Amino acid sequence: MVEDLLEKQNLSGMEISMLLQAEGADKTKLFEKSSQIKSLYVGNKVYFRGLIEFSNICSKDCLYCGIRKSNSEVERYNLSYDEILDAARFAFENRYGSIVLQSGEIKSPQFTDRVTTLLKKIREFSDNKLRVTLSCGEQDYATYKQWFDNGASRYLLRIETSNKELYKKLHPNDKNHSFEKRVECLNFIKSIGYQTGTGVMIGLPFQTYEDLANDLLWMKGFGVDMVGMGPYLEHKDTPLYAFRNELLPESVRFDLSLKMIAILRIMMKNINIAGATALQAIDKIGREKAIKVGANVIMPNITPGEFRNSYKLYENKPCTDELPEDCKACLEMRIALTGNTIAYDEFGDSLHYVAGHNL
Ligand code: SF4
């Protein structure tokens, strides 16, 4: 039965739900299939994206997030231009090919200009040989366009869940946290020409298998180029923590995350899929397991060490006290063990995007 599903061109929500619940030999078949497809369509390569979490100041109050505005326990920081550019230079000199600039969500002309200046400076020192992904939340069309015109080529905005009712349970009920706005922003990003990335949390309270299956169908229907998704991990200083007793055990959330990655690889063969750091928070070799079943991107954290501990969307975030050099050496060893090679000096553009834009 599972063999038949794995050969289908299009899976229904019900069929995806069945695969999400596959165990034993069926689960092994799912992972073997996704691993073959990865090898065939995107190769046994892993692309590095140096992650720079440049500010944990956020204007929003998502109920699951450790750096939400109302959490007064967090020490707020905002890296200087020099600190950010030094980290970007580290990625460039270590041949990463690509970085991600990530922050909490701030909407202001000053913030827009600051990111624009950073993009210009990065383009300048790297001679345009470093791809930049931005992950700075919801913005207006003009801001996204300005950043694109100044060198950002990829944008990551997680939908978190494609179920509007569940989205409402995870966010304050106000116009600053609207599902429709999130979708509108993703449409802006795509229409401007960014390689468009999204993702969801897996194992949320109130979430069903059907929700997760619909998340994958939503990603396919939208035509995303990149996905980063991982297990929901609770943070004690957030309102959603009150529902921790309703959560699936961490090991089950982890396993579900691997299955989501595997099924998505089968459904969207040539996109980029990241092995989320949250996987490693549960299982020390969690990201490597994700690479084996379909992921092809890793985001080594190159934020200066003293700030990394203050960018905690969830607790037990791994590697917060390592130097970028340590992080790189550790990853090289770990990836070699998966039978994949690290694609140094390559941009690693999403082949899904490249095919759609005749690049
Ligand atoms: S999830 Fe993002 S937008 Fe929401 S509070 Fe956290 S950093 Fe801010």
Side-chain angles (χ1 to χ4, degrees), residues 51-79 84 100-108 110-112 114-115 133-140 143-144 147 154-164 166-186 188-189 196-207 215 226-243 274 276-278 281 299 301 303 307-317 320:
L51 174 64
I52 307 170
E53 295 158 333
F54 68 92
S55 168
N56 67 352
I57 300 168
C58 187
S59 61
K60 288 178 102 167
D61 239 347
C62 307
L63 304 180
Y64 47 84
C65 178
I67 62 168
R68 63 198 298 271
K69 181 177 72 173
S70 299
N71 184 7
S72 55
E73 300 296 312
V74 181
E75 204 176 315
R76 302 289 166 175
Y77 72 86
N78 196 4
L79 297 189
I84 301 168
V100 181
L101 295 179
Q102 186 167 65
S103 68
E105 186 176 305
I106 301 288
K107 290 188 191 95
S108 73
Q110 294 79 356
F111 183 77
T112 301
R114 182 164 188 250
V115 173
T133 304
L134 291 178
S135 176
C136 304
E138 294 172 7
Q139 303 289 339
D140 58 24
T143 300
Y144 287 135
W147 289 343
R154 305 169 180 160
Y155 204 99
L156 189 57
L157 181 65
R158 282 181 169 217
I159 184 120
E160 307 298 3
T161 171
S162 61
N163 178 336
K164 193 175 155 183
L166 179 54
Y167 191 94
K168 276 192 197 160
K169 291 186 178 137
L170 307 176
H171 297 90
N173 204 354
D174 61 32
K175 67 175 178 9
N176 201 23
H177 297 81
S178 132
F179 179 78
E180 287 77 10
K181 177 72 190 157
R182 181 65 54 111
V183 174
E184 182 185 49
C185 284
L186 280 161
F188 286 162
I189 291 164
T196 305
T198 196
V200 294
M201 288 183 284
I202 298 159
L204 286 158
F206 326 115
Q207 192 179 41
D215 287 343
M226 335 183 282
V227 170
M229 58 182 172
Y232 162 66
L233 296 172
E234 63 274 29
H235 191 299
K236 68 175 173 35
D237 299 322
T238 62
L240 211 61
Y241 193 66
F243 300 96
T277 310
M299 292 162 57
N301 199 328
T303 309
F307 298 104
R308 237 182 272 176
N309 214 17
S310 299
Y311 201 100
K312 282 190 175 169
L313 307 190
Y314 52 84
E315 290 177 286
N316 302 322
K317 182 181 174 189
T320 51

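Atoms within a ligand are numbered from 1 in the order they appear, just like the ligands themselves. What you see is a predicted model; the values in this text were computed from it and never measured.
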Query raised in the report: With sequence neighbours excluded, what pairs up with Y144 under the ring pair (Phe, Tyr, Trp, His ring centres under 6.0 Å) test?
Result: Y155
Report task. Could you tell me whether K169 sits above the aromatic face of F206, with NZ or CZ closer than 6.0 angstrom to the six-membered ring centre and within 45 degrees of the axis? Result -> yes
Query raised in the report: side chain to side chain contact (heavy atoms under 4.5 Å, CB included) between L170 and L204: does it pass, once the steps are laid out?
Result: CA-CA 9 Å; L170 307 176; L204 286 158; 3.7 Å; yes
**Report entry** Output field: ring centroids H171/Y64 closer than 6.0 Å
**Finding:** yes
Query raised in the report: With T143, which residues qualify under side-chain contact (heavy atoms from CB on, under 4.5 Å), at least two apart?
Result: T112, Q139, D140, W147
Requested in this report: Kindly state if atom 6 (Fe) of ligand 1 has a protein heavy atom within a strict 4.0 Å cut-off, that is, under 4.0 Å?
Outcome: yes
Report task. Tally every protein N/O/S atom whose distance to atom 6 (Fe) of ligand 1 is less than 2.8 Å; waters are neither shown nor counted. Result -> 1
Report task. Applying side chain to side chain donor-acceptor pair (under 3.5 Å), name anything that partners S178, two or more places apart in sequence or on another chain. Result -> none
